[in-house]
Amino acid sequence: MPMAEKILEVKGLTKYFDVQGGFLKKKGQVRAVENICFDLYNSETLGIVGESGSGKSTLGRALLKLLKSTSGEVVYKGKNILDLSDTNLSLIRRELQMVFQDPYASLNPRIKVGNTIAEPILANKMVSTSGQAREKTLKLLELVGLRPEMYERFPHEFSGGQRQRISIARALALEPKVLVCDEAVSALDVSVQAQILNLFNQLKNQLDLTYIFISHDLAVTKYISNRIMVMYLGEVMELAPTEKLFSKTFHPYTEALISAIPEPSTKGKRKRIILEGDIPSPIDPPSGCKFRTRCFKTMKKCKNVHPEMVEVESNHFVRCHLYDARKEA
Amino acid sequence: MPKLLEFRNFSMGFKDDDGTVHNLLNNVTFDIEEGRAVGIVGESGCGKSVTNLSVMRLLPRSAVIQGGKIIYRGQNLLKKTDKEMEDIRGKDVAMIFQEPMTSLNPVLNIGFQIGEVLKKHRPDMNEEQIKNAVTNQLELVGIPSPEKRLKQYPHQFSGGMRQRVMIAMATICQPDLLIADEPTTALDVTIQAQVLDIMNRLKDKGSLMLVTHNLGVVAEICNDVVVMYAGTVVEKGSMDEIFDNPCHPYTKGLMAAIPTLSSGKEELYSIPGTVPLSNKFSAGCRFADRCSQYFDLCQDKVPPTRQLSASHYVQCWLDFERRE
Amino acid sequence: MANYLIRRILKALLTIFVSATIVFFIIRLMPADPVTLLVDPKMGPEVQQAMMQQFGLDKSIGLQYVIFIQQTLSGNLGISFKTREPVTTVIMQKLPWTLLLLFIVVTLTLVIGIPIGMLAAKKRDGLFDKFINVLIVMGISIFIPFLSFAFLYFFAYYLKLLPTGGAYTPPPAKGFDYILDVARHAILPSLTLFIGNVATIILYTRNSMIDVLKEDYIRTAFSKGWNEKYVVRRHALKNALIPTITVAGIMIGSMVGGAVMTETVYGWPGVGRLIYDSVSSMDFPVLQGAFITLAVSVVVMNIIADLVVAWLDPRIKLGG
Amino acid sequence: MRKKKNVAFLSALLVIVMLLITACGSTGTTPTTPTPADSKPKVGGSLVVGLTGDPYNLAPWVSNDINASMMMNIALPTLMVTDKEGKKVPYIMKDYKISSDAKVYTVTINDGLTWHDGKPFTTDDLAFTAKYIVDKKLGYGADMYSGVVKTEIVDKTTIKYTLKTPQVNFLTQVGYWVPIMPKHIYENVADPMKFQFDGTGYGPYKLKEYKKGEYYTFTRVPNWPLANNGQGAYLDTITYRVYPDANALILAIKNGEVNVSGSAIPVAAQKQLEASADKFGIMRVNSLGFGYFGFNYKNELLKDNNVRKAIAMTIDRDALVNIAMQGGAIKMDTPISPVYKDLVKSQIKFPAFDIEGAKKVLDAAGYIDRDNDGIRESATGKKLEFELIYKTATPNIDAIANVFKANAEKAGLRINLKPVDPATYADRVVKQKNFDINVIDWGVIDDPDSSLGTIYLSNASLNMMGYKNDTIDKLILQSQVEPDYNKRIQLMNNFQTEFAKEIPTVNAWVRVNAYGYSKDFSGWDLTPGLYGLVDSKDLVKVYKK
Amino acid sequence: MQNRTFVESFVKKRLGLFGLLGVLVIVSLGLLAPLISAYPKGYGTEILLPPSEKFWFGTDGLGLDLFAQVVWGARTSLYVSFVAVMVAAVIGIPAGLISGYKKGLLGSLIDGIIDIFLTLPVLPLMIVIAAVVGSSITNVAVVIGLLAWPSLARVTRNSTLKVSELQFIEAARCVGISPRMILFKHILLNIAGPVLVNLTLVMATAVLSESGLSFLGLGDPTTWSWGTILKKAWDAGAVIDTPNPWWWWFFTSSFIMIYVICFNLLGSGINDALNPKTRD
């Protein structure tokens, strides 16, 4: 894949949450996202997969400054957007938008869908009159495959798929360059999921969008992404172009993840790697390699030494002690 | 093979506030043979869970049974008295629910909650025997240090562990039929793999009725598949028949719409529209308005169920090649 | 659990401190000069001065507050303007009566209210439930003085079955007769407060029971083959009691409010009546002390309720 | 100086009384229900007295409160009491003599009295009381005894008080108002305000047990010398029970829980008791006090005699007495209470109720409704709008205020009602004198001349009106020193003439105090005084049938 | 819930509708009081007459028409409830919104205050404050409102917590909607239901509190409120009198109960219509 220009650089992004044990008592910290580094290239779709507790959604929100990061940088157009004050942020924020998971909860049930889309247009002063906002909204509705008369309806009159289209239209209202899709199709029925995945692909071509596609579904991520980032307990375990990741999996976790997915097919059942135990709590992650407690290739070293990211092949990064040698080489 | 459970033209619906009954399940007919695992597949709103609960006779109060039979070992469950049903539940037919988080009582320890099943169905066992049985059962489903875990409460368990507890609870009496309602949907992939593994090991002890929207899970576990759409069985057959030779346009569409690890980057097939709500079903084929091969008849008349092979049936107006 | 308890007690202390502060400052906001009430104009200026000194009224509000807090912490609630007795003495005479009344009412309310609420939830939308619903609406709409009038008129005056007021016939009898006498006197006030409060408990029990019966784990219990009676008793009851007891704890606050009116109408010699009397005579130290006492009782009962909840709910007990 | 003192202590009395809910004085009208002597008196039985307020403190010297004085009067009777005619006569004291210059009083007390703890009751205690009360500045007693420069104990039963200045009413005051203090108890008490008095007295009953706010039980002192020819009181025990209000008390009387009401009972309650006349009796006396509307001279409009006169003409005494007070009062249209028959023979009256007349007076004085809003304005455009302040706790007062307001408005005056609690009333009316019109049920318990002085003298502390009239001042002061009764009547008539012309207050009614009792008991008697049916000297005669 | 179905499901709940009807009757009684009957003032000569065609509810001890008193009392009761609700709303709703939405120190501080105020014995405190501020109907109403806000704030807070967890709030933040708009438009619109229900309950309890305070002699005796009528009746011994002028206290007491019942029914009607969960 020819490397396009970087649109977003993420350096050492870290987010810890304080966990309040209640009145006057601090329980601890959730280390939701730790030291994430990656570049996002123009016009690509970067898939981020991980199970619960992997920090993938937190990462998405930290990128958009919906959450205040503990440390790290997100460089967009040469500026670290995490440092920007709220007023300067709004200009850049428009170019980074998000589509949310739950099509039922992501629309305000008391506001007409047309107004839901028009509201950000007006709030960000993209147009000066509400008439213009309406016009733009109607165009957006058409773009995502909805009819103009739906402007006046309330969310409850729509199906899940239609609502997700509305959410997409709202995100697109600010004419973003980068769209973060957080589990954007997970809540949808399979037949509808395909519609929305197709819409994402169609919009990408039409509007030259760059996607960060967050999902727990590896199959869906594989389908839509150019590159995939595998996360576990707040850390990137493996990051590689899609084809590479599947053709030559390096990290044991990725390997297990791929093998754990039941294939809807009668042919050739693969040998399955079943990981033992539960995903540890991000409040109290294991020492050394965070995956070591469930890893089927764990070594002595894993317990004490935290593995670093290694570029095992070009553009293929892995965080695992198995490949330390390659780094030194 | 003898039939363990038979749905015969089972119809039911829900009463709304006005007392009007909206039909959901319409003439549902399928069998579960002894020792077989049947997957019931469909999207949300197609009546999968209601089918489950109908077997257990645990439907909500607003449910109305409109006709048909559910025959278990030759006896119509719908005709059983409450007392008789109580003896069947948990012992002959047991159930695993979708949400392991909410399906366990938060204020009772899990030793009690599992032991309760034995207390009900095995009056011959004393406290000590029950405790041992529960410990063994927990071990069987892969819960480490079960002795200690017995005294713990659900909130001290992770999601995967709770589902294991649910499985232990459902299988402790070695039921003939285990009903699993989306047992892995709420779980992470690696945990799902663990649970599927356990279920694969346990399913041979009886029959399994597995309800899921995940075709992968069905492929993993089941022998037979029933495809439901909007309260009707649109297609049923053995796993190979359904996966390799889907006939109904809905089944076909469903298969094509799912991206898999082996599928390519080409545009996904998509079924237009969404599953209708139960008060907006059409009089004819309920899939008619989303069907790519729709014609006039579909809208008005319920299509016939055609038999394509000994086990393969499809409910559709289209003509299919019959093969043996 | 220990941690939970400590935090709970800290919060309770804070609540008491805040109520004490509020009532202290509110009383000092009063437009009329308390000295007018306290000091007869005929007294010489030096006597007036001495009295103001005695009650600390000559100091600045801030200083008075500091002294007040210090004294309250050491269990000294000051001296009554009217009787010149220590407020603690006055209140200690009244408090047992209020506690007795509250104890009777809380016990009755829980013992009668919870089963009725459970039954109504079980027979939801049935005739009994509908009847109970009507009673609940009536119950939560009760105007306590009206109820007291009705009882007083009917039982005490018309039927002459029960005494009109007080807590016993003076001079008090001895032994069992005394208990019997007090019991007779307690019937009407208890009944009044009971009717005014039981509806809330029934309502909450019923609603929380209905909610619990809809929970997945109830379905799980049924799926094991147990019958309704067992499921309600073993699975639903404990869960439904948790919110009910919490509400009962909070309800005690309003019950104490009702007690003021009840005690006033029936002349029950409790703290509520004391509040009313002190208001009429503008006896601030007593008013202050009585209010703090009530606040403390309410807070203590809240803690008890919370402990019961913690005992019922392993998620709190085990600090989950 | 003497006069000043006099005024001061009378003011004190009035304040005390004012703070009470019900006025308690009574005159010598005979009881309406004579006691039937239908059985022989005998010793035994228990009586329950219902109170509607709790005594603040058992020591009447420090409490300044009617409930304490009323209750403790059977343990601590006073030296003098009132007779049927309301005249002060000796009770605990046997006799007294006044020197011709009215400066030296020689008092003899009855022999054979002892304190309840066994110590003899002697003139030592009298001397101690006179000194201690002044030293410790205890309540009104301090003022009453303040003129005493010397006490001289002649013997166990005789004592001589020497006054600084002549004072004709010294003994009737201290004798009627201040019980004697137990020297052996109080001589060691440094701060009587903080001291918990145990109730030890010398009267026909002694305190046995009590629970504050609930009940107080007294037992009979056997062979108490001054009752029933040395036999002592008849009733074995007397229990005072505290009730939250008059209604509860009446219910308790009807229920048989209570046998007699301590304080006067409201009209509605009287009717209820009268409904079962076989069981209950009522005795009534007119109050010595009276109700009046007072005008604040600080108000420019009220300063105008025409306005006051017009207002006086809007007062419908019939409605006040019959409707607002439900017949529980009698009309008063003279400046001095009709209770004092000699003083009102002159028939000097306030202007009669006449709304048309009031309108004419206002028209003539230039108060015309110029903007047609129903309220008249003065020539300078000031509206005739006044605030009527009163204490909420007074019975029927709302009704009284409403009747007054309704009639005043018919004449084109607006009255805004301002009901306040006793504390605010004391603050605004007595202390700040910040009001337009006040209405109050006034309880006075002493001779009219001295009590009038406390209200109407221009420098009187209870002259809330800010009324100043030299003629009035002169007449009051003269009558206070005039020994001749007839001359005093003449002076009072002059006072009334001037008063009815000036109208600083409109006096409107005299409340009738009624006390209910159970007919299970006999021997009831009601003389004018503070304590209704439970006055020590009367209560000792009551017996159970 | 959904806008159209709310009205539908409300109408279906007959009790709620009954409550609404009752509330409307009482509101129109209060609003139209001047048209219905003259303000009862002064005194009349027809004392303590039982109900008749001329005096529907009889007359009191001053000969005043009790029907007129009840009607004008309704006006006061509505005024008190309304002022109390306004005061409670002005404090309680923003407090609840902020403590539910802002997670930081401010939020937990306000929450702590709400918690403490909820524990306080309200009526005794109300008595103390009412005794101090003096008897004016507005004072009483404000005091009631001041002590009613915590429950409203708690309801607002709980609903706000629930709503602010929902993704549309995050979505609104994401597309640059200002916090103020989010709080007072997006959230408030969505919690209007439970807040409204609580407001009707405050309306109900406010009248109970006012009547209670008036009965204890802490109300405003110059204004006709139901509590004052009862207080006058009680003071005059009408409740226990023989023969009993029952009409003096009966109608008023009944109106208090009806008022409270109607508002409670209205509240639970709205609640049921908002939360169709009771239907399974």
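We name chains A, B, ... by the order of the sequence lines, and we start the count at 1 in each one.
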Against chain C, label [X] side chain, backbone, both or neither, depending on which of its atoms sit under 4.5 Å from a heavy atom there.
X         : answer
Lys119(B) : both
Ile88(B)  : neither
Gln113(B) : both
Met101(B) : neither
Met85(B)  : neither
Lys91(B)  : neither

Can you confirm whether [X] sits close enough to [Y] that some side-chain heavy atom of one is under 4.5 Å from a side-chain heavy atom of the other?
X         : Y         : result
Arg219(C) : Phe97(B)  : yes
Asn105(B) : Asn239(C) : yes
Lys224(C) : Met169(B) : yes
Arg61(B)  : Arg124(C) : yes
Asp216(C) : Leu104(B) : no

Open item on the list: Is Leu312(C) close to chain B through its backbone or its side chain, or both, or neither, when contacts mean heavy atoms under 4.5 Å?
Closed with: backbone
Open item on the list: Testing the basics here: between Pro106(B) and Pro314(C), what is the closest heavy-atom pair and its distance to 0.1 Å?
Closed with: O-CG, 3.2 Å
Calculate, to the nearest 0.5 Å, the distance between atoms [atom1] and [atom2] belonging to [X] and [Y] respectively.
X         : Y         : atom1 : atom2 : answer
Arg315(C) : Gln156(B) : CZ    : CD    : 11.5 Å
Tyr230(C) : Lys120(B) : OH    : NZ    : 10.0 Å
Phe222(C) : Arg89(B)  : CZ    : CZ    : 7.5 Å
Ser223(C) : Asp181(B) : OG    : CG    : 11.5 Å

Just checking [X]: does its [atom1] atom have more than 12 heavy atoms from other residues, nucleotides or ligands closer to it than 6.0 angstrom?
X         : atom1 : answer
Phe128(C) : CZ    : yes
Lys15(B)  : NZ    : no
Arg122(B) : CZ    : no
Leu127(C) : CG    : no

Among [options], single out the residue with the greatest number of heavy-atom pairs under 4.5 Å to chain C.
options                                 : value
Lys83(B), Arg57(B), His121(B), Gln98(B) : His121(B)
Val107(B), Asp87(B), Leu58(B)           : Val107(B)
Glu99(B), Glu116(B), Met95(B)           : Glu116(B)

TODO: Using only heavy-atom distances, determine whether the side chains of Asp82(B) and Asn227(C) contain a donor-acceptor pair under 3.5 Å.
DONE: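 On atom types as modelled, these side chains do not qualify, holding no pair under 3.5 Å.
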Task: Interface residue of largest heavy-atom contact number with chain B, from Lys238(C), Glu228(C), His235(C), Arg234(C), under 4.5 Å - done: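 That would be His235(C).
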